[in-house]
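Ligands are counted one by one from 1 in listed order, and the atoms in each one are counted from 1 as well.
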Amino acid sequence: MSTSSVRTLSGIPASPGIAIGPAFLLDRQEFRVQERDLAEGDVEREVDRFQEAIVRTRDDLIVLQERIAGDVGEEIAHIFGAHLTLLDDPEMVGATIARIRRERKNAEWVFNAIMQRGIATMAAATDPYLRERTADFEDIRHRVLAHLRGEQRLPLADLTSPVIVVAHHLSPSDTAEMHRDSVLGFVTDGGGRTAHAAIVARGLAIPAVVGVDVATREIEHGSLIIVDGNDGAIYLNPDEDTLRRFEEARTKQSAVERGLTRLKDLPAVTPDGHAVDVSANIELPSEIDGVLSSGAVGVGLYRTEFLYILRPTLPTEEEQYASYWDIAQRLAPKPVIIRTLDLGTDKVLHQLDLPHEANPALGYRGIRICLERPDLFKAQLRAILRASTMGNLRIMFPMISGLAVLRHSKQILDEARAELDGAGIPYDRSIPVGMMIEVPSAALIARDLAREVDFFSIGTNDLIQYTLAVDRSNAKIAAYYDPFNPAILRLIASVVEAGHHEGLWVGVCGEMAGDPITAFLLLGLGVDELSMSTIDIPEIKKIIRSVTFSKAQAIAQYAVTLSTSKDIQDYTQAEFQVCFKNAIGYE
Ligand code: PEP
Ligand code: MG
């Protein structure tokens, strides 16, 4: 949305929606930690005081973990497992006690010094996972210091009137402590879409923009701001005009949402009778209620990485089985595509202690890790197979670059099957096995691959990154990340054709599937399924139900013949306006 002269800040849209309200600058000013020398007779009392603060902090976290498990789900509650582990860390607790005794200094001073050193090391780490964990360390530091200072409550729990929280960093527990009634939205200087705080915000449906860099410097406490979680923009002290437009946009958004939710139980069929499966992408099992109420035909992509990265230890086969079974039975008979572990770049698994690499997106990631760690891979495959008896699960391999990798993956799947057979454990013997098409080499030999799988799902997020050689998470080169590039459309068209030629079902589960204009093109290219965040489903259903397949086909077929991205975009946009001028939300 354009605004005239209002100052704006931009960041990464972490959780969608519009929030308007007064800024609440979270007091994360440094505690003034005083250094005190202790008399010899006071040293053990000081050690006791420190241990007491640790116990109280642990009690707080356990209460919080239980509350979050009930409110948002076990997976998010696992985040606090990492905090709790930190409280038992001998490096931290043991070293603090040893130094209190050795140096005869007060607990606040020693503990703060040790934590600050750890935080500085983590903040400078090249590993993004470690950098994101500094927020956990900060959180523990504040909580323990607050107890040592005799403070009972933390600021976020005290909020009574609705505000937009502005902070340098928000820890997952900060976010989890937010009450939806009193926190309208939040903005942080740091963080990323995969930071835990952002994940919790999406779970709680709180609009959020992260990675704003200068938010705490530029936003004044108490000033009115607008947070546009859809576009990643913050408007400071908006004028009447801007305010009115965003208020309208917010009202319209809810009206559109209300209008669109009426579509939820209607099938995604074009007026000339062409049906498309509209499915949901999920990261956490706690999103299933949203899937059920969204009108999705099933789950087109379950990114299982989050089952691994939101916890301090690797999940066991049993834990995974329980989770997949829960998903399968809650969604049955709707199909659920479980994508096997796809770690890499931003999704880092600290439990595996992976080496730092110069080019992580091109490195040891995704299926490559799984093939080198059959123990890990097989535990996941066995868990999925065991949960498949309900008959609605499907397995999907990510990052397949060619036949050798596909065959190797299937061979390990066969071994997992054989192990279950040997143990007499039942599973769905005809479970469909598919692969993502997200590496250009796979797209180019799609026909050969199609003969060896049951379905394709095109991962446009990575397909664009790899085809155009553009890092998908680098904001500096974002303009080069272009779904309308003719190379992308032609690759997608050829994959759909190759898949259909071999009798395969072809879906798309990258972000292109949930964007109105690109979804419109994908519909015309003949994809069988569009899988997206649940929030996008009604709008995409509306598009499918409003345009004939023959019209969408004609438009897409012409678009792929154009040679520049601009021509494709201008042409598609113009056709889109014509087709949808009467549709809800597009007038
Ligand atoms: C993709 O690459 O398009 C995709 C859906 O997978 P992810 O975003 O998890 O890499
Ligand atoms: Mg991908």
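Atoms of ligand 1 found under 4.0 Å from any heavy atom of L301, numbered from 1 in the order shown, are 5 (C). Of all atoms in ligand 1, listed by their number and element, those nearer than 4.0 Å to a heavy atom of C509 are 5 (C).
Using a 4.0 Å cut-off between a side-chain N of Lys or Arg and a carboxylate O of Asp or Glu, E357 and R365 do not qualify as a salt bridge. We find that R394 and D454 are not joined by a salt bridge, their nearest charged nitrogen and carboxylate oxygen being 4.0 Å or further apart. Of the charged side-chain nitrogens involved, at least one lies within less than 4.0 Å of a carboxylate oxygen, so that D326 and R330 count as a salt-bridged pair.
Q465 and D462 are linked by a side-chain donor-acceptor pair at a separation below 3.5 angstrom, with hydrogens and angles left out of the test.
Considering backbone and side-chain N/O of E305, none are found under 3.5 Å from N/O of ligand 1. Residue N461 has at least one N or O atom closer than 3.5 Å to an N or O atom of ligand 1.
Considering just the N/O/S atoms of E438, the one nearest the Mg ion (ligand 2) carries the name OE1.
For residues 483-522, the pairs satisfying ring-ring contact (aromatic ring centres under 6.0 Å, His included) are F455-W505, F520-F576, F520-F580, with sequence neighbours left out.
With a cut-off of 2.8 Å, the Mg ion (ligand 2) has an N, O or S atom of D462 in range.
In this structure, D213 has no salt bridge (charged side-chain N to carboxylate O under 4.0 Å, His left out) partners at least two apart in sequence or on a different chain.
Residue-level proximity to ligand 1 for M436 is carried by the side chain, the only part with a heavy atom below 4.0 angstrom. At a 4.0 Å heavy-atom cut-off, ligand 1 touches R339 through the side chain alone.
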